[in-house]
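Single-structure report; data block below.
Every chain is numbered from 1, with letters handed out A, B, ... down the list of sequences.
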Amino acid sequence: MMGASGGFSAYVRRDLLLAYRRRGEAASPIIFFLLVSTLIPLGVSPDSARLAELAPGIIWVMALLATLLSTESLFASDYQDGSLEQMLITPQLLVLPVLGKVTAHWLVTGLPLTLVSPVIGVMLSLPTAGTVPMMASLALGTACLSLIGAVGAALTVSLRKGGLLLSVLVIPLYMPVIIFGSASVQSAIDGLNWFGPLAVLGAMLSAAIVLCPLAIAGALRLVSNN
Amino acid sequence: MTFQFNSLQEMWAMAGHGPYVWTAVLVSVAVLCWLLAKPIMQHRQALKSIARNLQRDGGQLDKEQPKKKNQSTPVSEDNK
Amino acid sequence: MASGRSWNWFHRMGSPRWFYETTGRWLPWLWVLTLALMITGLVWGLAFAPQDAKQGNSFRIIYLHVPASFLALAGYYIMAIAGAVGLIWKMKLSYMVMKSAAPIGAALTFLALFTGAVWGKPTWGTYWVWDARITSMLILLFLYLGVLALQYAFHSREAGNKASAILALVGTVNIPIIYKSVDWWYTLHQPATIKLTSAPSMHPDMFQPLLVMILALYSFYALALILFTRAEILQRESKTGWVRELAQQAHPAQSAGVTK
């Protein structure tokens, strides 16, 4: 099934295919994102001035929750059907298959969230100056969230009810991402330079790409042995 | 270095800040005491339950004990 | 030769029995030191330190707040280092230290938040502000709670240890990032009306009792960590001969007739 040349692309393709076969499940974070955004005007106020003020933060919080929602299943089905064990015993560097799985996860959740976000921006009357920064920051930020969330998913993979625990573990680690993500949107709306916070997000993403796969691989090795 | 208050009553009142200062002190002392008391209780309970288990098993010191009861769980539950 | 001796020392330190017996000898001294420092610092800070010109007597809370915050943060690093040693050298004792450090750290973080809130009311008129340091402290509490929750989520002790050690390490890498981010976030949103005291130059008369309290809390931390670890050792090593002997000595009545 997977070529020996590089575990990375093999796992990206495999997980994308799996996601395609389970389209309904894969679409649920997007539906969640859209559904919750209709709650905000109902719960807060339909007044567009107030919504516009809250929009950057709300969109970011919802994107974070939607990513978190889908993170739990990142390794769960592989763990149940035994293919995780198979991944662990391959002679290749475990880091590459892991990174492949996380990349596929981002392609299935983070990227669609980014593409859908302008619609939500319109619904929450986000000022148009914020649209491009929002998409850019979501694209970088959700990748960070996928990587960090995967660490939590790997740690809790063998637990039957890991969902709530996963959010306890992961949300504190998410905080820097949401700070800089919503800040880049906010500063674009305020007419400030929004590349600064975006660059910090990029730096975080680079650090996460280097460090998170190591932690994920370690966690999978240790936890699945027991 | 001098005593800052004219009387103990005045120290208790702390010029109106008494409730805040003394709440902080009491809660801190309580938490710190709990942090020392909990391991001491746990220690005592562990010794007691090990001694009890030894008695029950009739001195089979070198044999592996039947592991129907987890050693640590009853101990930590007793302390709640 | 020298390196051989140092490794010998290292392995001996990894033995729970050695730890238990050595710290048993330290404990009385540590108790005396902790209590002496704590009582001196508290009485000095609460009764003899001069009151702050602006904050009045409420400033006396810093004698508890600042040392607790210090140890709350330092405790996370102690926990993470213990976890790392456990992961790298597969040292059982190290995991026990890590597991013991988690509740102590969480309690001290809670204490730092609580005393900060109580101090905030008379000083700034509100129990809670989303100040950079307070927010970071809150996140630190969440990090501690995550480690604690993960520790107890596994049926296997081994898996719980390893998982929480990894989480503690991930948290350690993140703490500086979180602190910097929150700091930056706060300067972005800083309300002009609330300026937290930064105490640039504390009067020596106020600072000396604070120093005593910081030392007291360090000593307290060592004491609590040792006590928790010793209790943990007894529970985990309950099958070993030396722990059984210890239990028999402690409760000769209950195990009478065991040694024939």
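Distance CZ/C:Arg230 to CD1/B:Ile40: 10.0 Å, rounded to 0.5 Å. Going from atom CZ of C:Arg244 over to atom CG of B:Leu47 covers 13.5 Å, rounded to the nearest 0.5 Å. The structure places NE2 of C:His65 at 10.5 Å from OG of B:Ser28, a figure rounded to the nearest 0.5 Å. Here the CD-CD distance, from B:Gln45 to C:Gln235, works out to 9.5 Å after rounding to the nearest 0.5 Å.
Side-chain contact between C:Phe59 and B:Val21 is absent, with no heavy-atom pair separated by less than 4.5 Å. Contact check for B:Val25 versus C:Tyr63: no side-chain heavy atoms found under the 4.5 Å cut-off. Using a 4.5 Å cut-off on side-chain heavy atoms (C-beta onward), B:Leu32 and C:Leu111 make contact. The shortest side-chain heavy-atom distance between B:Val31 and C:Phe114 does not fall under the 4.5 Å cut-off.
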Give the intermediate values and the outcome of ring-ring contact (aromatic ring centres under 6.0 Å, His included) for residues B:His43 and C:Phe228.
CA-CA 8 Å; B:His43 192 270; C:Phe228 265 97; over 10 Å; no
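The greatest number of non-hydrogen atom pairs below 4.5 Å with chain B, out of C:Ala231, C:Ala117, C:Ala68, C:Ala107, is found for C:Ala231. Contact count against chain B (heavy-atom pairs under 4.5 Å) is highest for C:Leu64 among C:Leu217, C:Val243, C:Leu64.
Within 6.0 Å of atom CH2 in C:Trp29, 12 or fewer heavy atoms from other residues, nucleotides or ligands are found, so the atom counts as exposed in its surroundings.
Heavy-atom distances place the side chain of C:Ala250, and not its backbone, under 4.5 Å from chain B. Using a 4.5 Å cut-off between heavy atoms, B:Leu35 contacts chain C through both its backbone and its side chain. Neither the backbone nor the side chain of C:Tyr221 comes within contact range of chain B, judged by heavy atoms closer than 4.5 Å.
Taking 4.5 Å as the heavy-atom cut-off, the residues of residues 97-106 of chain C that approach chain B are C:Pro103, C:Ile104, ordered by number.
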